[in-house]
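Heavy atoms only: backbone and side chains are in, while hydrogens, waters and symmetry mates are out. Just so it is clear, the structure is predicted and the values come from calculations on it, not from any experiment.
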Number of protein chains: 4
Amino acid sequence: MTPILPEAVPVARRRGRPRDAQAEQAILTATVDLLGEVGFATLSIEAVAARAGVARPTVYRRWPSKLELVIDAVIRMAPPVSSDITDDPRADLLHLVSRLVADMTSAPVGRAILALTGEADKHADLARRLADDYLAPRRAALAEVLRRAVGSGELNPDVDIDLMLDLVLGAPTYRWLTTGRPVDSRSARAVVEAVWEMARVGPIAR
Amino acid sequence: MTPILPEAVPVARRRGRPRDAQAEQAILTATVDLLGEVGFATLSIEAVAARAGVARPTVYRRWPSKLELVIDAVIRMAPPVSSDITDDPRADLLHLVSRLVADMTSAPVGRAILALTGEADKHADLARRLADDYLAPRRAALAEVLRRAVGSGELNPDVDIDLMLDLVLGAPTYRWLTTGRPVDSRSARAVVEAVWEMARVGPIAR
Amino acid sequence: MTPILPEAVPVARRRGRPRDAQAEQAILTATVDLLGEVGFATLSIEAVAARAGVARPTVYRRWPSKLELVIDAVIRMAPPVSSDITDDPRADLLHLVSRLVADMTSAPVGRAILALTGEADKHADLARRLADDYLAPRRAALAEVLRRAVGSGELNPDVDIDLMLDLVLGAPTYRWLTTGRPVDSRSARAVVEAVWEMARVGPIAR
Amino acid sequence: MTPILPEAVPVARRRGRPRDAQAEQAILTATVDLLGEVGFATLSIEAVAARAGVARPTVYRRWPSKLELVIDAVIRMAPPVSSDITDDPRADLLHLVSRLVADMTSAPVGRAILALTGEADKHADLARRLADDYLAPRRAALAEVLRRAVGSGELNPDVDIDLMLDLVLGAPTYRWLTTGRPVDSRSARAVVEAVWEMARVGPIAR
DNA sequence: TTATAAACGAGACGGTACGTCCTGTCTTTTA
DNA sequence: TAAAAGACAGGACGTACCGTCTCGTTTATAA
């Protein structure tokens with residue numbers, strides 16, 4: 001996606017010199033790297049351009065602000081949605097939750113989300129983009145696991161899947177948010193097991 | 001608290017002109033106001049000083065950085081810990097959770113926490129201060145409610161109170177974090193009721 | 001004149017799409033207009049191209065720099081050399097001097113000359129071009145008037161015509177240069193009359 | 001003179017940290033040097049600040065534009081008005097004219113005057129400043145020499161001193177302006193002698 | 001009472017980064 | 001093969017804040 005001048009239909013190519021795909025990639029990589037190294041606040045477009053070996057206006061031509069660049073970079077550089085589904089849905093749930101929480105609280109992604117939420121009122125468009133392109137597919141994979149478990153009779157059919165996901169993802173994320181420490185696997189496992197048990201015996205009412 | 005030159009014991013007062021308490025209050029107020037208006041990223045010491053009617057060095061004399069100022073302001077301006085305890089612990093829980101989540105996700109406090117977490121690795125001291133002076137007392141009030149409910153037999157005595165609090169606080173906070181929208185009371189109620197039910201019938205094992 | 005790719009002989013036409021003569025004219029006109037409106041320093045190739053309705057590289061294809069473009073435009077757009085010679089050489093002198101000084105100190109031409117002189121050391125070629133194509137023919141017309149006056153006995157035969165022209169052109173130009181104000185006709189007349197008188201009675205020795 | 005905030009009366013000092021006189025001098029020196037080396041067009045505030053060992057905003061704090069800086073620098077760094085008056089007014093005239101023309105057509109001063117005249121309509125204030133602080137005193141010294149010569153009977157009492165000065169200064173300056181070459185002493189002498197002779201025998205009428 | 005010490009405002013300092021504009025060049029499609 | 005369109009690397013622009021400093025002034029305590 002090219003935010004400023006969206007990619008035209010492939011048939012009728014845009015006129016003039018096309019944008020350099022290498023430059024684009026270099027900028028995104030530099031952004032994610034620097035985000036991990038120095039954080040969002042300290043990150044400067046200047047430094048991104050320098051590390052990418054690109055002139056500063058080349059960055060501005062594509063992304064109108066630091067926040068847009070960072071969100072875009074994070075979404076496009078995020079690890080793909082995992083879909084290794086086994087016949088043990090509880091293990092699958094733990095695995096997917098651990099991966100998503102680890103990614104969300106990792107340096108680049110987490111910092112982008114925090115920065116975005118901090119200014120959310122001004123950037124509804126970006127928030128939606130992050131929700132649609134990053135969170136939604138990952139949440140869908142989790143929901144699929146739970147739906148299967150319901151289908152196979154392992155979980156109570158009345159369970160509210162969205163609520164369950166908020167609990168299982170929210171608890172570890174909250175710890176990270178209020179302590180700054182990465183989430184350890186033991187506590188992630190405890191959360192998943194508790195919520196699973198809840199959903200098995202039934203009390204998570206819709 | 002005066003971070004740089006800690007308040008001496010009242011007996012042997014420091015010589016020279018004492019610090020202006022009005023200036024201090026004006027700075028804190030300006031900080032919280034601006035934090036709500038423009039966000040953390042856009043907030044500048046320059047603007048705080050201007051709004052407080054104070055010279056810039058007067059701010060720096062007391063707080064060494066924007067982040068310290070903001071954390072300090074947020075802690076000192078936060079609404080006091082509520083302690084209206086009734087004989088309905090489930091209602092108390094809902095009430096306290098709603099208040100804390102609302103405060104944490106409000107403009108000034110939420111933005112401070114997000115900014116801090118985003119740079120957590122560099123600011124362990126500030127993170128601890130926020131944990132000790134803001135979160136700990138509020139969490140303690142919540143824990144007290146749950147302990148009483150255990151004592152009165154309303155909740156399973158094996159319940160892991162910390163885990164329960166992470167769930168009940170984490171789920172609403174997570175929604176806010178991933179959508180930017182303030183938490184509505186309906187979903188807060190759903191979360192509290194689900195977790196309460198879990199803890200009643202027992203499966204939140206220690 | 002096409003500085004970079006000189007106009008080929010008309011017989012063997014160059015291959016491919018020929019240059020657009022309208023574009024050339026539009027560029028020159030835009031240059032002179034903008035020179036008068038915003039001055040040399042503020043003039044940009046970008047603005048010239050925009051006003052001429054032409055792509056920027058089309059300008060660069062023909063003129064390698066702003067200065068070359070401006071000098072070229074000024075020479076080609078300058079009013080033609082006047083040659084209305086009467087039988088009153090003193091009046092002819094005044095007329096020609098007034099015209100030349102007015103042109104030289106007018107917005108486009110004057111600004112070009114000033115810009116060129118300011119960087120004269122780097123642009124000997126352009127300076128020569130301006131001297132040969134603009135100043136020389138105008139000075140020649142003036143010299144012709146003086147030579148005729150010498151021939152008819154109105155002026156001392158020993159007069160140094162070059163010196164006389166430097167005096168009669170230099171004095172008004174100097175006023176303009178040091179005040180920025182256009183030369184008024186009264187003072188131009190005073191200068192011409194004084195120098196004429198000098199040359200009549202003789203003291204401008206070769 | 002400090003252009004933006006003019007030097008207050010020495011009694012009532014300006015408040016706040018006073019400006020660094022060394023920085024000011026370093027900036028002026030760097031400006032004049034660079035003006036001579038690279039010319040007005042190529043001169044950048046950036047380069048001035050770098051050479052002066054000063055931050056860029058420090059330059060902008062005092063001079064709002066390149067042109068103001070250059071004019072100010074040229075005026076303040078110009079060699080002082082010479083006043084070596086002998087009992088040979090014609091020699092004095094030649095000497096003063098040569099000095100002034102040489103200075104005016106030298107790299108820094110000449111380039112400043114050219115740049116200013118090129119944009120004169122926008123900068124009436126600067127033009128006046130240059131006229132008052134640089135040209136006027138030098139012209140006054142020349143006028144004084146001529147007045148003495150009139151007083152001693154060497155020149156015709158009806159001579160128009162201003163016209164005479166325009167001629168004697170204008171002719172050499174014009175040569176420089178139209179050729180870019182510095183004025184040689186031989187032609188300066190020829191001009192002075194011609195004008196002197198004119199003024200001696202009388203025809204430069206008021 | 002009078003030093004003395006430290007706060008105060010004002011504002012300059014060296015810096016960094018901003019986001020924009022223009023430079024001159026290069027690449028692509030269209031004519 | 002020129003023209004238009006537009007991206008490229010690069011450099012400077014003028015501005016906003018940063019965090020520090022130097023002032024002259026004010027206000028308390030300590031001598």
Using residues 43-56 of chain A as the side-chain source, report each donor-acceptor pair under 3.5 Å to any protein atom, sequence neighbours left out, with the distance given to one decimal.
{"from": "A/Ser44", "atom 1": "OG", "to": "A/Ala47", "atom 2": "N", "distance (Å)": "3.0"}
{"from": "A/Arg51", "atom 1": "NH1", "to": "A/Glu37", "atom 2": "OE2", "distance (Å)": "2.9"}
{"from": "A/Arg51", "atom 1": "NH2", "to": "A/Glu37", "atom 2": "OE1", "distance (Å)": "3.0"}

Inset, instruction - Give a yes or no on whether a donor-acceptor pair under 3.5 Å exists between the nucleobase atoms of E/dC13, that is its base, and the side chain of D/Arg17. - result: no
Inset, instruction - Name every residue in residues 42-55 of chain B that has at least one heavy atom under 4.0 Å from any atom of DNA chain F, in order of residue number, or write none if there are no such residues. - result: B/Ser44, B/Ile45, B/Glu46
Legend entry - N or O in side chain of D/Arg62 less than 4.0 angstrom from E/dG11 OP1/OP2: no
Legend entry - Whole angstrom value for the distance that separates P of E/dA12 from CD1 of D/Ile27: 13 Å
Legend entry - Residue pair B/Gly36 / B/Ala107: nearest heavy atoms and the distance that separates them: CA-CB, 3.7 Å
Inset, instruction - Return the value, rounded to whole Å, for the distance between atom CZ of B/Arg61 and atom P of F/dC21. - result: 12 Å
Legend entry - Relative orientation of the end axes in the helix from E/dT1-F/dA31 to E/dA31-F/dT1, expressed as an angle to the nearest 10° (five pairs per end): 10°
Inset, instruction - Specify the separation, in whole Å, of atom CD of A/Gln22 and atom P of E/dC26. - result: 18 Å
Legend entry - Heavy-atom donor-acceptor pair, B/Arg56 side-chain to F/dG19 base, under 3.5 Å: yes
Legend entry - Charged N-O contact under 4.0 Å between D/Glu24 and D/Arg62: yes
Inset, instruction - Establish, with yes or no, whether the OP1 or OP2 oxygen of F/dA9 is under 4.0 angstrom from a side-chain nitrogen or oxygen of A/Thr58. - result: yes
Legend entry - Pairwise side chain to side chain donor-acceptor pair (under 3.5 Å) hits with a residue in residues 112-123 of chain C, at least two apart: C/Glu119-C/Lys122, C/Asp121-D/Arg111, C/Lys122-D/Thr42
